[in-house]
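Reminder, nothing fancy here: chain letters follow the sequence lines and each chain counts from 1.
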Amino acid sequence: MEAVSTRLSQLFVRTLREDPVDAEVASHKLLVRAGYIRRQAPGIFAWLPLGLKVRRKIEGIIREELEAFGAQEVHFPALLPREPYELTGRWTEYGDALFRLKDRKDADYLLAPTHEEVFTLLVKDLYSSYKDLPLSIYQIQDKYRDEARPRAGLLRGREFSMKDSYSFDYTDEGLDASYQAHRDAYERIFQRLGLEYAIVKADAGAMGGSKSEEFLHPTPIGEDTFVRSAGGYAANVEAFRTLPPAPLPIDGLPTAIVHDSPNTPTIQTLVDLSNAQFPREDRPWEAGDTLKNVVLALTHLDGSRELVIVGIPGDRDVDMKRAEVAFAPAEVEAATEADFAKHPGLVKGYIGPGFAEAPVLGETSATGIRYFLDPRVVDGTSWVTGANQHEKHVYGLVAGRDFVADGVVEIADVRAGDEAPDGSGPVELARGMEIGHVFQLGRKYAEALGLKVLDENGKLVTVTMGSYGIGVTRIMAVIAETNNDGKGLIWPKNVAPFDVHVIAAGREEVVFATAEALVDSLEESGFDVLFDDRPKVSPGVKFGDAELLGVPLIVIVGRDAAEGRVELWNRATGERSSVGLDEVGAALLAQ
RNA sequence: CGGGGCGUAGCUCAGCUUGGUAGAGCGCUCGGUUUGGGACCGAGAGGUCGCAGGUUCAAAUCCUGUCGCCCCGACCA
């Protein structure tokens, strides 16, 4: 590409001395202050020349890595008709987050939040043979989601730029290969962008796919909590699977005993009472010895409401997000007083599974309420739990002997120190910002929209798909978030709006003449140059603006200009060095 | 949707308690001095005080309603 130089006196920008009042995070403050973006509406931004330059650099890197494995770029409109989204059910499923509008004939349209439907239909339109596959196509395009709460500038907007790819295969092995190609490309993209990332297993639930991973950038302002082990395991909290302990032998365990347990409405009071009145010899009772039976109300897709009970170790709390995943697609909430009123068999505060000969919980029990267990409650474990009578608990109730469940679900919270399911050691919790997502969609969309091809045997087979996203504008914010100091932005070289920022510092004729000549020669050598040529602006202001704008390399043409020397200033390190005019190009390349 | 906060000049804010002709700093324009860390002097331009209604001789200020925005939480392929 032809190198360009831009004069700051002509550039459409105005830097702000103070932080905008509506900005909270560093990237938002700095991108607005430095004149890269301007707010138009909540979560919606206008892009100024500097902002567009950075955005295009990021897009360029993404394009190179996708084209490198054969993905091809297309472009769809953001404004789409309702029908395709009606066919897949997403017109309603997407809910309030979908921007809907009507045309003059009262027909429904939407501003697309993502494009699975129309990509699928376009492939259906053009292709009908297995010979045409595999295919990976992508676009870089603005997406629209009416977020309940846009925040943090570019990090969560209602309009944002996303690179979305879709792969089309006719075999599961093909899908695996396409998925891997995207995953590899994403790793290269984030490495080139200098972004730290963790690839975490994500919950695939709602989209109906089989395999899904998120690229999370670890940062305290991240919106997602994830877990990772020193041994390399990483997963979303929602996708974390507990490593179940081995079952224990049941033979020889003492029979369960019911004790009076007055005034024990909470786990802690129960533990205290147990240690005071029924101490055991080897060790004190702990919360983890108790089995807490949590009553949840599910609302199924058909609108029906069902109570379920989950037994979890008493030292754990319920993580409602994990519960949502466990019972998807049903909605989950805590049971209400009204729910309890409909089930007089439940003694609130003293609920337990009952005994083998008289089960209280479970599909085939007296109550008929489905009963699930945490994976830690394996056969042979012994518990203190409710005896289904007011102020009575049962001690030594053994899983697999005294009670069984209708299934195992994960609704308990994940904690630092829990063992990773792959045996790679204890996990720690970290915050992350999702910067990429790879997803095996499977045949859901192809099925709904009728995308089939003829295979080698002349038989129609449904295509299997993947979808892959990278948030372009979010990445720009994440880079800004990671690369700044108290004075302004510090862009990595490969996404900086310019290669060099030349400052004419001083008022003498020779300073400006020297700077002009230097800018010309740098441009000729292939550098994109931003030239601060403002005649009546003091050096301090120019230095401050240079730091704010964040071009990584700065050349100061000033007091030594007459002697043919200028200063090279590294924005990131703050180092300055004096170089001769004829060495500037080489010195810049050496930085 | 729940909680908190805020709407006054392009930006950041004061003024409101106790009603009386709209303010500051930065930015912008003109003239002059200055020029290696956000200079200075002088003269200017720029505001339906979010909107509507009410109280009052008089409302940025008091009352009612309404709209919008920001932050925290819930939510987020």
- Task: Mark yes when over 12 heavy atoms from residues, nucleotides or ligands other than A:Lys536 sit less than 6.0 Å from its NZ; otherwise mark no.
- Result: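 Atom NZ in A:Lys536 is not packed in, count stays at 12 or less.
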- Flag if over 12 foreign heavy atoms under 6.0 Å of CD, A:Gln40: yes
Partner lookup for [N], please. Criteria are Watson-Crick or G-U wobble with both distances under 3.5 angstrom; report none if nothing qualifies.
N     : result
B:C40 : B:G32
B:G7  : B:C67
B:G73 : B:C1

What contact category does [X] fall into here, base, sugar-phosphate, or nothing, at under 4.0 angstrom with non-hydrogen atoms?
X        : answer
A:Glu117 : nothing
A:Glu508 : nothing
A:Gly558 : base

- Item | Annotated protein contacts, base or backbone, on nucleotides 70-75 of chain B with a non-hydrogen cut-off under 4.0 Å, one of B, S, - each | SSBBBB
- Looking at B:C76, does its base get a donor-acceptor pair with the side chain of A:Arg156 below 3.5 Å?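 Flag set: donor-acceptor pair detected.
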- Query: Between atom OH in A:Tyr144 and atom P in B:C76, what is the gap in whole Å?
  - Reply: 23 Å
- For the pair made of NZ in A:Lys29 and P in B:U12, what is the distance, rounded to whole Å?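 These atoms are roughly 13 Å apart.
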- Item | Sidechain N-carboxylate O distance under 4.0 Å for A:Asp164, A:Lys143 |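 Yes.
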